[in-house]
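Read the structure below first, then the notes.
Only heavy atoms go into these numbers, but all of them, side chains included; no hydrogens, no water, no symmetry mates. Throughout, a chain's letter reflects where its sequence line sits, starting with A, and its residues are numbered from 1. Worth saying up front: this structure is predicted, and the values here are computed from it rather than measured.
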Amino acid sequence: MKELNAYSKPAYGFSNTPFGECLIAFSDDGICALTFPEDRESGLLELERRFQNIKFTYDNYKAEKYVRQIFELKEMPELYLIGTPFQISIWEALQQIPKGKTSTYAKIAEVIGRPKAVRAVGSAIGANPIAFLIPCHRVLRTDGGLGGFRWGLEIKKKMLDWEIK
DNA sequence: ATAAAGGCCACCC
DNA sequence: GGGTGGCCTTTAT
């Protein structure tokens, strides 16, 4: 698993989005996390748990700038994916789902060539560290159900609605 | 090493 | 609608 090195200047900040306040973390290598925590403290705890031994500094100026870029200018920043090969293959597959379209957990399993690994796909999608930019909200159940969403199904619905217009 | 826990699915009732 | 068994990866014992 690739690590952020000491020279990549990892930092984080909070900023408001159409879906509530987000926690965004990044380094010179790109965005490594975008989450919608219940509160700032739990968001930070989760960040530290996930990227252990990486010390993020607080840089809300850059955080705000990224968020404007993403949600107002609608530009795609560079991403920095950290995960197992299996997870990364899935996160990359998710990025192929066009905006406003949806897929299913089973189809993603098919795309990455592991048709039996549907359940593991669900787990890997649940482990997605970069909400919205890695569009895990576009993945629904085969039976049409909404499936799950790490930060609450309300946000998943909002994201889907927001993209349609 | 092994167990337990998942954002699932097909199949049954 | 609800329950079961199988599937595969990750994380925690």
Would you mind classifying the nucleic acid contact of A:A117 as base, sugar-phosphate or nothing, using non-hydrogen atoms under 4.0 angstrom?
-> sugar-phosphate
Shortest side-chain distance from A:C136, nucleotide among C:dC7, C:dT10, B:dG7 | B:dG7
Would you say the side-chain atoms of A:E163 pair up with the backbone N or O of A:L160, donor to acceptor, closer than 3.5 Å?
-> no
Figure out the CD/C1' separation between A:Q52 and C:dT10, and round it to whole Å.
-> 14 Å
Separation of atom CG in A:N128 from atom C1' in C:dT10, rounded to whole Å | 16 Å
Does a sphere of radius 6.0 Å around CD in A:E38 hold more than 12 heavy atoms from other residues, nucleotides or ligands, not counting ones at 6.0 Å or beyond?
-> no
Where the side chain of A:N60 meets the backbone of A:F14, is there a donor-acceptor pair that is under 3.5 Å apart?
-> yes
Without swapping roles, check the side chain of A:W91 against the backbone of A:I82 for a donor-acceptor pair under 3.5 Å.
-> no
Whole angstrom is fine here: how far is it from CD1 in A:I90 over to P in C:dC8?
-> 13 Å
Give the rounded distance in Å between these two atoms: CZ of A:R50 and C1' of C:dT11.
-> 12 Å
Measuring from A:E64:CD to A:I24:CD1, what's the distance to the nearest 0.5 Å?
-> 10.0 Å
For A:I125 and C:dT10, give me the distance from atom CD1 to atom C1', rounded to whole Å.
-> 15 Å
Check residues 109-120 of chain A and write down every donor-acceptor pair under 3.5 Å in which the side-chain atom is one partner and the other belongs to a residue at least two apart or another chain.
none

For nucleotides 8-13 of chain B, read 5' to 3', which letter fits each nucleotide if B means a protein heavy atom sits under 4.0 Å from the base, S means only the sugar-phosphate is that close, and - means neither?
-> BSS---
Range-with-range stems for DNA chain C, at least three Watson-Crick or G-U pairs under 3.5 Å = B:1-6 with C:8-13, B:8-13 with C:1-6
Taking the side chain as every heavy atom from C-beta outward, state whether A:P77 and A:L133 have any atom pair closer than 4.5 Å.
-> yes
When the distance from CE of A:M159 to C1' of B:dG7 is rounded to whole Å, what number comes out?
-> 14 Å
A:K156 has an atom NZ; how far is it from atom P of B:dG7, in whole Å?
-> 11 Å
What integer distance in Å separates A:E110:CD from C:dC8:P?
-> 13 Å
Exam field: side chain A:K156 to backbone A:V139, donor-acceptor pair closer than 3.5 Å = yes
Side-chain heavy atoms of A:F36 within contact of A:M159, under 4.5 Å = yes
Nearest of C:dC7, C:dT10, B:dG6 to any side-chain atom of A:K116?
-> C:dC7
